[in-house]
Amino acid sequence: MRKCRRALTLLALASLPLAALAEVPVVDNNSGYGSYPPAGYGTTGAYAGTGASSAPVTAQGELFMQLQQMQEEIARLRGALEEQQYEIQRLKQESLERYQDLDRRLSSAPGAGAPVSPNTPAAGGPAANGAPTAPAQQPAAGSGEPGDPAKEKLYYDAAFDLIKAKDFDKASQAFSAFLRKYPNSQYAGNAQYWLGEVNLAKGDLQGASQAFARVSQAYPQHAKVPDSLYKLADVEQRLGNGAKAKTLLQQVIAQYPGSSAAQLAQRDLQRLP
């Protein structure tokens with residue numbers, strides 16, 4: 001039947017004049033559409049307007065958003081990791097500097113930290129008013145065993161050897177025991193100062209602060225007073241007490257202008273806000 005209809009159509013067209021044939025529209029009988037490809041037909045073979053393609057597009061969009069979120073999260077974590085690495089490196093550097101500073105002080109201590117002679121002036125030289133300084137050590141008040149210089153020196157040297165061995169925990173215990181046992185010893189002022197140093201090396205800022213402050217309180221004329229005040233300022237700055245640290249540095253500069261501690265204090269004072 002389809003062939004018959006087509007034959008009849010051709011016969012009818014053949015009977016038409018040429019002018020009339022020019023006006024007959026050309027139709028593709030195989031597709032049933034007026035143009036090819038049909039409107040709305042995409043490169044994937046699906047119609048853009050149908051719901052079949054909307055699901056893949058939505059899934060791709062969600063996947064892209066998830067990927068973008070993951071990239072942002074990775075960038076945030078990388079930044080946090082870099083900050084932590086910087087902080088760890090800074091703490092390591094500070095710890096190394098404290099150990100190096102302690103080593104320098106150990107190597108420069110006369111006779112493995114032997115006490116200063118009673119006739120030696122304090123490290124600051126003349127006092128701020130130009131008057132000569134008092135004797136280097138002022139014995140601390142308190143009870144303890146009767147003085148035995150030879151025995152005290154053995155005890156003190158044993159504690160100091162623990163510092164040189166970098167056994168700071170035991171050194172702290174040894175110096176504390178020494179000060180309880182011999183509070184009036186000629187070695188007590190030095191022992192008090194080195195107790196602050198080992199506590200600082202341990203990272204015990206509160207213990208270091210108390211030990212350094214005790215030097216000027218119990219032994220106000222001792223040669224270690226300028227150094228102890230300077231180190232106390234350093235500890236207070238580490239504890240976040242900037243105003244107190246600044247006051248201590250100014251005190252060192254004013255009271256001990258010729259000392260090495262005063263020079264360090266002047267340097268640190270310029271760095272403070």
Side-chain angles (χ1 to χ4, degrees), residues 91-118 120 122-124 136-140 142 144-145 147-219 221-239 248 252 259-261 264-265 268:
L91 292 174
K92 286 182 177 180
Q93 183 63 29
E94 286 185 358
S95 178
L96 177 61
E97 290 175 356
R98 285 200 299 270
Y99 283 126
Q100 290 175 342
D101 178 68
L102 184 55
D103 284 337
R104 285 193 298 269
R105 291 175 181 274
L106 288 172
S107 60
S108 63
V116 181
S117 170
T120 303
Q137 177 182 338
Q138 177 70 33
E145 290 187 3
D148 184 348
K151 189 175 181 180
E152 292 170 12
K153 187 176 189 307
L154 289 174
Y155 206 133
Y156 176 86
D157 287 345
F160 201 87
D161 286 341
L162 292 171
I163 298 182
K164 291 189 287 185
K166 292 183 171 55
D167 193 344
F168 300 127
D169 289 328
K170 289 184 179 179
S172 178
Q173 296 172 7
F175 279 119
S176 297
F178 178 89
L179 290 166
R180 288 194 300 269
K181 194 170 186 178
Y182 303 112
N184 300 321
S185 169
Q186 59 179 332
Y187 300 91
N190 276 27
Q192 187 67 55
Y193 172 81
W194 288 111
L195 177 61
E197 287 281 13
V198 295
N199 284 340
L200 182 59
K202 287 168 51 183
D204 181 7
L205 297 181
Q206 293 293 342
S209 175
Q210 295 172 5
F212 286 130
R214 179 69 178 164
V215 175
S216 59
Q217 294 168 359
Y219 313 96
Q221 304 301 327
H222 197 276
K224 285 294 187 183
V225 171
D227 291 334
S228 66
L229 291 174
Y230 170 74
K231 298 297 288 189
L232 179 58
D234 178 53
V235 173
E236 292 298 336
Q237 188 174 355
R238 293 175 188 271
L239 290 171
L248 288 166
V252 173
S259 65
S260 59
L264 294 172
D268 291 358

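Note that the numbering runs from 1 along the sequence shown for the chain.
Minimum heavy-atom separation, S209 to V235: CB-CG1, 3.8 Å. Heavy-atom minimum distance, P149 versus Q186: CB-NE2, 4.0 Å. Minimum interatomic distance between Y193 and D227 (heavy atoms only, all atoms of both residues): CE1-CB, 3.8 Å. Taking both residues in full, the closest heavy atoms of S176 and L195 are given as OG-CD1, 3.5 Å, listed atom of the first, atom of the second, then distance. The minimum heavy-atom distance linking E236 with L248 is given by the pair CG-CD1, 4.0 Å. Nearest heavy atom pair, residue P226 against residue S259, reads CB-OG, 4.2 Å.
With hydrogens and angles disregarded, no donor-acceptor distance shorter than 3.5 Å links the side chain of Q192 to the backbone of A188. A donor-acceptor pair is defined here as one N or O able to donate and one able to accept, closer than 3.5 Å; such a pair exists between the side chain of S228 and the backbone of V225.
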- Task: Output, in order, the C-alpha distance, side-chain angles, deciding distance and verdict of side-chain contact (heavy atoms from CB on, under 4.5 Å) for F175 and L162.
- Result: CA-CA 10 Å; F175 279 119; L162 292 171; over 6 Å; no
- Message: L239 vs Q206, test: side-chain contact (heavy atoms from CB on, under 4.5 Å). Steps then yes/no.
- Response: CA-CA 9 Å; L239 290 171; Q206 293 293 342; 4.0 Å; yes
- Message: Test side-chain contact (heavy atoms from CB on, under 4.5 Å) on Y156 and F178; report intermediate values, then the result.
- Response: CA-CA 7 Å; Y156 176 86; F178 178 89; 3.9 Å; yes
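If you run side chain to side chain contact (heavy atoms under 4.5 Å, CB included) between D234 and each of L264, L205, L200, only L200 comes through.
L229 has its side chain out of reach of F212: every pair of non-hydrogen atoms, C-beta onward, lies at least 4.5 Å apart. Side-chain contact between I163 and E197: absent, with no pair of heavy atoms (C-beta onward) separated by less than 4.5 Å.
The CG atom of L232 sits 10.5 Å away from atom CD of Q210, with the distance rounded to the nearest 0.5 Å. One distance of note links OH of Y182 with NZ of K153; it measures 14.0 Å at 0.5 Å rounding. Once rounded to the nearest 0.5 Å, the distance linking CG of D167 with CD of Q173 reads 8.5 Å. Expressed to the nearest 0.5 Å, how far CG of L179 lies from CH2 of W194 amounts to 14.0 Å. With rounding to the nearest 0.5 angstrom, the NZ atom of K231 is 12.0 Å from the CG atom of N199. Taken to the nearest 0.5 Å, the CG atom of D148 stands 13.5 Å off from the OH atom of Y155.
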